[in-house]
Protein chains: 2
Amino acid sequence: MKLQLFLKMLADENRLRIINIIKDNALCVGEIQTILGTQQSNTSKHLDKLKSNQIINYYKEAQRVFYFLNKDLVKNYKFFEDLIYTDLSKSHYSNFDLDRLIRYKNSKIDCDYLKEVNFDFEQLKI
Amino acid sequence: MKLQLFLKMLADENRLRIINIIKDNALCVGEIQTILGTQQSNTSKHLDKLKSNQIINYYKEAQRVFYFLNKDLVKNYKFFEDLIYTDLSKSHYSNFDLDRLIRYKNSKIDCDYLKEVNFDFEQLKI
DNA sequence: ATAATATATGAATATATGAGCATATAGAAA
DNA sequence: TTTCTATATGCTCATATATTCATATATTAT
């Protein structure tokens, strides 16, 4: 992939937010939507772009699709590790999203029960 | 400046090429055009974008405008140094442009005499 | 089989972006 | 002053992009 294209893929708020929350763990599409509060088709399309450009990979479990970061990029692009682990943390949504990710993880709910329990961060006591 | 906007400014081939050749020295607009082989108004507009977002700064000498990289970005964005000094060098135009930059510098021609001598890399013996 | 659910995709729209051309501006030289 | 030169800017076109809505697909559950 060309550096310019890689940067273009990174130069979008929704995609940066996705990368931020899946950089250390795989999440299914529903979890990504729930944590970011973004729309289904919009989320899906950004995931598709990231996937098409091999920035993220995925595996399937039943109808669920779990996405995770392609760690080869960290090896191949020196700047990328600093970007996602240092600079990204200073960006607008980072704390908000990572906080939600942690609270979600602590809730012990997983992708299978996400819709069933009608998960809502506002009602989360944690 | 927002990280997303910074990345967007970097996610363009012409702007990456500009940054690459002015990262260690200031160049006037005419020199940038000559080395990259890009059009006047196009070059000027990309410079304007980079300038408006404080990615580059400038100083004037008579009608000439010299642009140079805003080094504060290297301090403020950890990823940026790796990007411009490591990853960028692997990109398509980098060798071509940096080679031209060196040949231009060796020619001892400067911005003042650039148009006067009708500078042409093809005729350069160096 | 049908119904329900998770995800993907097509179509429509709005907006952004880059490129090229022509022209404007500002400063220098004559 | 007029002329020349370096750079910037306005206009237009073509293309790219993100977003939303509606629908399609695939898998599971009944």
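Each chain gets a letter, A, B and so on, in the order its sequence line appears, and its residues count up from 1.
We find that CG of Asp48(A) is positioned 15 Å from C1' of dT25(D), with the value rounded to whole Å. The CG atom of Leu47(A) sits 15 Å away from the C1' atom of dT19(D) (whole-angstrom rounding). Rounded to a whole Å, the CG atom of Asn53(B) is 14 Å from the C1' atom of dT17(C). The nearest whole Å value for the distance from the OH atom in Tyr58(A) to the P atom in dT27(D) is 11 Å. If you measure from atom CZ of Arg64(B) to atom C1' of dA29(C), you get 12 Å, rounded to the nearest angstrom. Atom CD in Gln33(A) sits about 12 Å away from atom P in dT20(D), given to the nearest Å. Atom CZ of Phe66(B) is separated from atom P of dG27(C) by 16 Å (rounded to the nearest Å). Across the protein-nucleic acid pair, Ile32(B) atom CD1 and dA6(D) atom C1' stand 13 Å apart, rounded to whole Å.
Side chains of Ser94(B) and Ser89(B): a donor-acceptor N/O pair is absent below 3.5 angstrom, by distance only. For the residue pair Glu13(A) / Tyr93(A), no side-chain donor-acceptor distance below 3.5 Å is found, with atom types taken as modelled. In the model, Tyr85(A) has a side-chain atom that pairs as donor or acceptor with a side-chain atom of Asp24(A) under 3.5 Å.
Which of dG18(C), dT7(C), dC21(C) sits closest to the side chain of Gln39(B) comes down to dC21(C). The side chain of Lys49(B) approaches dT17(C) more closely than any other nucleotide in the set dT7(D), dA8(C), dT17(C). In this structure, the nucleotide among dT19(D), dT17(C), dT7(C) sitting nearest to the side chain of His46(A) is dT19(D). For Ser41(A), taking side-chain heavy atoms from C-beta onward, the closest of the listed nucleotides dA8(D), dA18(D), dA22(D) is dA22(D). Listed candidates were dG18(C), dT7(D), dT7(C). Nearest to the side chain of Ser44(B) is dT7(D). Of the candidates dG27(C), dA18(D), dC21(D), the closest approach to any side-chain atom of Lys45(A) belongs to dC21(D). With dA8(C), dA8(D), dT5(C) as the choices, the nucleotide that has an atom nearest any side-chain atom of Val65(A) turns out to be dA8(C). Here the nucleotide nearest the side chain of Ala62(A), chosen from dT27(D), dT9(D), dT17(D), is dT27(D). With dT19(D), dA8(C), dA19(C) as the choices, the nucleotide that has an atom nearest any side-chain atom of Asn14(B) turns out to be dA19(C).
As judged by a 4.0 angstrom heavy-atom cut-off over every strand, Tyr67(A) is placed among residues touching the sugar-phosphate backbone only. Heavy atoms of Gln40(A) sit under 4.0 angstrom from at least one base atom.
A salt bridge links Lys75(A) with Asp72(A); the closest basic N to acidic carboxylate O contact falls under 4.0 Å.
Each of Gln63(A) and Arg15(A) lies near DNA chain D, and the nucleotide nearest Arg15(A) is the one positioned closer to the 5' end. Judged by closest nucleotide on DNA chain D, Asn42(A) is the one of Asn42(A) and Lys60(A) placed further toward the 5' end.
Between Lys8(A) and the phosphate of dT17(D), there is a side-chain N or O to OP1/OP2 separation shorter than 4.0 Å.
For Asn70(A) (side chain) and Asn57(A) (main-chain N/O), no donor-acceptor pair under 3.5 Å exists by modelled atom type.
The side-chain heavy atoms of Phe66(B) and Glu61(B), taken from C-beta on, include a pair separated by under 4.5 Å.
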